[in-house]
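Below is one structure; the comments refer to it alone.
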Amino acid sequence: MFGRGAWAIFGLGKESLETFRTMVEDRAVMVAASQMAASAITRYSKADTIGLNPFSGPRLDEEHPVGADHEAELAGYAASELEDRSKLTLPDDILNCEGYGSTEPQFRIHPNMPWYGLWAVVNEWKDVSDVASIREQRSYRLLERPYKFLQAIDKKTVEEDTIGTTAAIRKQIPVLLDFNDGRIYIENTNKKLIYMITVRLRQLGVDVIAVAWTYPRPNWPADILNKLYEQTQYQRDFQKRAEEASRFKASEIEKLEDRELESIVANFFSMTQLGTDLWIGISGPAQIRLHSASPPIGVRAATSATTLLGMTSDATILSGAITFQEIVSGTSKKGGEYTFRKNLLCVDLNDRINITEIGAAMMRGFDLSAFRKDILRDIRYTKEVPTIEQFWGNWLHEMSNALRTVEMTFRELLALERSEEGGILPMQISTTEALLEAANA
């Protein structure tokens with residue numbers, strides 16, 4: 001988190017807030033949903049699990065582990081069906097252990113806003129050894145030749161003698177719940193993992209709503225990119241830099257004296273001013289189609305995109321990374337005024353912007369470009385370091401604002417009427433079982 005990543009977005013039923021608050025205060029519920037219990041299940045059952053930790057304690061289960069003599073009992077309790085679990089009683093040593101979150105303040109990231117944060121911890125039981133090297137060692141010692149030179153029957157002997165080392169592998173996934181705007185943010189792209197996390201959230205009373213980026217145009221991501229490119233400024237400068245790149249190495253290209261213009265031509269192949277005074281630049285990775293019937297060509301360098309777009313009259317952009325900028329004025333130490341371009345946010349725009357099988361709208365390649373710099377500047381001025389809650393709360397606040405900016409900008413570029421719906425909208429999905437079936441497909 002706090003850097004470039006990919007976020008899955010879901011809708012969130014605001015009316016489920018009170019149920020969620022009640023659930024996170026219930027120790028019997030939270031201990032079963034915890035990473036402390038999930039890791040115990042993985043070790044004892046050798047099964048993949050997902051557990052939860054509070055936002056401020058990504059490895060809280062390791063800071064305050066439950067006693068080894070209670071792990072088996074905890075794993076059995078958490079793995080049991082809900083009806084059977086209600087008949088079981090856990091000892092106080094487990095229920096009162098500090099290795100899991102069991103209060104609402106442990107998950108709340110703002111004192112006044114209904115914003116919550118947590119870590120979804122994925123535990124996978126994997127072979128962590130290099131089986132190929134173990135197999136080669138056995139082959140050398142038993143049969144005195146490399147494995148690839150063995151007969152089939154000898155290979156079978158070596159395979160049976162090869163035993164790897166298995167262990168629990170964990171991965172931490174940040175999850176943000178915004179009950180004010182009605183949004184859930186999960187930093188991941190794996191649809192099975194994302195779905196498993198939403199199942200866990202539903203068990204805590206959260207109303208998870210399937211959504212998708214939806215606009216009344218069939219190929220709207222490409223329409224937006226090409227609309228931006230049609231209105232681009234600095235076209236001659238882009239073309240000049242592309243010509244230089246075709247004749248010289250990158251180190252041989254002379255940088256422009258105009259630093260602002262150099263930054264534009266070095267990083268983008270399109271730069272367009274919006275009606276809101278914001279600017280949008282398009283960069284790689286991008287896909288360009290030379291003709292309507294030709295396959296897309298993937299490019300990373302901005303100069304390559306410029307070259308391809310100039311090759312045919314009907315060349316179009318199918319996908320690209322877009323960066324929102326604003327022009328900021330400042331005063332130097334000597335009192336002179338100056339302006340500079342400030343990157344606000346970036347996001348990839350392509351046909352993978354939705355994972356419809358699980359009802360998630362995506363923000364891939366998302367970054368709040370100035371987030372870290374702004375906070376470090378504030379620390380220098382105020383001499384105060386934000387709390388962990390403030391770091392998480394500020395990120396959620398800025399990400400929510402960025403999402404609104406993206407939605408409004410897309411509406412503007414697609415020239416939607418007020419009566420036309422567009423943005424992240426609820427999907428029409430009949431049952432949760434249908435989502436699970438699609439996620440496991």
Side-chain angles (χ1 to χ4, degrees), residues 1-8 10 24 27 29-80 90 94-95 97-103 106-107 109 116-131 163-177 184-204 206 208 355 358 360 388 391-392 395 436 439-440:
M1 203 167 79
F2 307 119
R4 190 176 182 87
W7 291 84
F10 290 86
V24 295
R27 284 187 169 270
V29 170
M30 295 307 294
V31 73
S34 70
Q35 166 59 10
M36 187 175 73
S39 61
I41 295 173
T42 296
R43 285 192 295 272
Y44 279 88
S45 303
K46 298 179 173 55
D48 296 346
T49 59
I50 284 187
L52 305 180
N53 269 335
F55 70 92
S56 61
R59 302 185 85 94
L60 182 63
D61 55 297
E62 293 180 347
E63 291 181 337
H64 305 282
V66 67
D69 53 333
H70 290 305
E71 277 199 339
E73 187 175 5
L74 174 59
Y77 176 83
S80 62
L90 285 174
I94 295 178
L95 279 179
C97 179
E98 296 181 5
Y100 69 101
S102 59
T103 66
Q106 285 179 283
F107 295 90
I109 60 175
Y116 296 84
L118 55 90
W119 292 97
V121 187
V122 180
N123 306 279
E124 295 180 278
W125 190 255
K126 281 190 173 183
D127 191 330
V128 296
S129 58
D130 185 349
V131 175
I163 301 175
T165 303
T166 52
I169 307 298
R170 65 191 280 163
K171 181 179 181 181
Q172 308 273 149
I173 301 172
V175 179
L176 294 162
L177 308 176
I184 299 171
Y185 303 90
I186 302 172
E187 191 181 14
N188 203 261
T189 59
N190 185 300
K191 63 182 180 182
K192 283 190 177 182
L193 293 185
I194 295 170
Y195 179 77
M196 291 171 67
I197 292 171
T198 61
V199 169
R200 182 66 77 191
L201 292 176
R202 287 188 175 98
Q203 291 170 348
L204 297 183
V206 177
V208 182
I355 304 182
I358 58 171
I388 299 299
F391 276 110
W392 278 64
W395 179 265
L436 179 58
N440 291 328

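We use all heavy atoms of the structure for the numbers below, so side chains are in, but hydrogens, waters and symmetry mates are not.
- Counting heavy atoms from C-beta on, the side chains of L204 and L52 come closer than 4.5 Å.
- By the ring-ring contact (aromatic ring centres under 6.0 Å, His included) test, Y185 pairs with no residue at all, sequence neighbours left out.
- Here the OG1-CZ distance, from T198 to R200, works out to 11.5 Å after rounding to the nearest 0.5 Å.
- Once rounded to the nearest 0.5 Å, the distance linking CG of L74 with OH of Y44 reads 9.5 Å.
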Tell me, with the steps shown, if V175 and L201 meet side-chain contact (heavy atoms from CB on, under 4.5 Å). CA-CA 10 Å; V175 179; L201 292 176; 4.3 Å; yes
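- Remark: of the listed residues T49, N123, N53, N123 is the sole one forming a side chain to side chain donor-acceptor pair (under 3.5 Å) with Q35.
- Side-chain contact between I184 and V206 is present, with at least one heavy-atom pair separated by less than 4.5 Å.
- Judged by distance alone, with hydrogens and angles left aside, the side-chain atoms of S39 form a donor-acceptor pair with the main-chain N or O of M36 at under 3.5 Å.
- Under a 3.5 Å cut-off, the side chain of Q172 and the backbone N or O of P58 do form a donor-acceptor pair.
- Aromatic ring orientation, W395 versus F2: perpendicular (interplanar angle above 60°, classes split at 30° and 60°).
- Side-chain contact check for V31 versus L95: some heavy-atom pair is nearer than 4.5 Å.
- M1 places a side-chain heavy atom less than 4.5 Å from the side chain of W7.
- Ion pairing between a basic and an acidic side chain is recognised when a charged N comes within 4.0 Å of a carboxylate O; R170 and D61 show such pairing.
- Between W392 and P174, the shortest heavy-atom contact is CH2-CB, 4.0 Å.
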